[in-house]
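Comments concern the structure below.
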Amino acid sequence: MPDSVRQKRVITIQDISCVGRCSLTVALPVLSAAGLETAILPTAILSTHTGGFEGYTFRDLSEDIEPICRHWKSLGLGTDALYTGYLGSEQQQAQILQVFADFKGPQTLVFVDPAMADNGELYPAFDLKFARGMRAVVAAADLTAPNITEACLLLGRDYPGDDYDQAFVQEVLRGLCELGPTAAVLTGVSFQRGCLGAAAFEEASGEFSYYFTEQIDGYYHGTGDIYSSVLLAAVLNGQPLAAAIRTACEFTVGAIRRTHAAGTEPRYGVDFEHELGNLISMLGL
Ligand code: PXL
């Protein structure tokens with residue numbers, strides 16, 4: 001079958017936060033809207049995500065990962081991409097490396113979003129040992145997309161807050177590629193008040209690219225997961241990385257803008273649902 005009509009498959013490995021629009025509840029609809037068949041490997045089930053909610057439930061699904069993968073292997077399942085986000089535990093970091101080994105074919109893109117921290121702080125469930133373990137997961141990736149906090153944890157650098165420049169961003173991107181990936185995207189980059197965006201680096205060309213949009217006030221949950229899902233959707237639909245960071249920035253800021261205008265509580269995530277039509281247009285589908 002010619003490549004243009006063969007539908008691509010993604011296996012995405014993240015938690016299910018039942019309420020709060022992050023991880024699988026955003027990855028699945030975004031990837032589906034982008035025309036990608038999406039297989040899911042849930043790492044845990046939580047009643048809500050862990051940011052801004054008290055008393056959430058957490059069921060670890062580590063024990064299910066190996067039998068699910070065994071069954072998939074018996075089917076001879078292949079995939080165009082493996083995409084990991086929030087992992088439930090350190091044990092799962094080792095398990096995920098095995099999933100990569102089992103399902104990575106010669107053309108498979110391994111995309112790791114080391115979802116574990118933001119704004120200079122680890123998420124409540126994680127410690128520095130977990131952050132160190134994430135290095136090995138990133139090392140196995142072809143493409144990674146941390147925010148600045150996560151990148152600093154991965155590289156053992158101090159978090160700079162707002163005090164950094166282009167040289168810092170480029171050093172961090174090169175450092176991420178030295179860990180293993182051939183391309184890296186850094187999210188949450190801002191050189192100017194009111195402008196926020198992302199930077200990308202590809203080892204093969206040695207080129208850096210940037211894209212910025214307006215910065216909207218407030219801290220909205222799940223936007224990193226939305227950004228990563230759109231980035232992957234754009235790359236798998238053939239956009240070069242410089243275009244893919246633009247698509248992901250525009251989609252994410254569009255969802256934040258709507259949510260801000262509606263005055264929705266930020267911990268419930270952003271209204272990405274009404275942006276899915278724009279995603280389909282931006283991808284030319
Ligand atoms: O959006 C990242 C994320 C995913 N999953 C869970 C989380 C978070 C961030 O806090 O708590 C369970």
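The basis for the numbers below is simple: all heavy atoms, side chains too, and nothing from hydrogens, waters or symmetry mates. Numbering of ligands and ligand atoms starts at 1, following listing order.
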Are any of the side-chain heavy atoms of [X] and [Y] separated by less than 4.5 Å?
{"X": "H221", "Y": "H49", "value": "yes"}
{"X": "D80", "Y": "T108", "value": "no"}
{"X": "H274", "Y": "D271", "value": "yes"}

Query - Any S17 heavy atom less than 4.0 Å to ligand 1 - result: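 A heavy atom of S17 does come that close to ligand 1.
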
Query raised in the report: For ligand 1, is there an atom lying under 4.0 Å from some heavy atom of S23?
Result: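 Yes.
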
Requested in this report: Considering the heavy atoms of L46, write down every atom of ligand 1 situated less than 4.0 Å from one of them.
Outcome: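 Listed by number with element: 12 (C).
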
Query - Contacting atoms of ligand 1, where contact means under 4.0 angstrom from a heavy atom of C22 - result: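 Those qualifying, in numeric order: 1 (O), 4 (C), 5 (N).
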
Query raised in the report: R70 and E66: salt bridge (charged side-chain N to carboxylate O under 4.0 Å, His left out), yes or no, with the steps?
Result: CA-CA 6 Å; R70 197 175 340 122; E66 199 271 329; 2.7 Å; yes

Requested in this report: Evaluate the ring planes of H260 and Y220, with Trp represented by its six-membered ring, and classify them as parallel (under 30°), tilted (30 to 60°) or perpendicular (over 60°).
Outcome: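 H260 and Y220: perpendicular rings.
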
Please list the nearest protein heavy atom to [atom] with its residue and the distance rounded to 0.1 Å.
{"atom": "atom 7 (C) of ligand 1", "result": "Y86 CE1, 3.3 Å"}
{"atom": "atom 10 (O) of ligand 1", "result": "T50 OG1, 3.6 Å"}
{"atom": "atom 2 (C) of ligand 1", "result": "D225 OD2, 3.3 Å"}
{"atom": "atom 5 (N) of ligand 1", "result": "D15 OD1, 2.8 Å"}

**Report entry** Test item: side-chain donor near acceptor, Q14 and T84, under 3.5 Å
**Finding:**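 There is no such pair between these side chains.
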
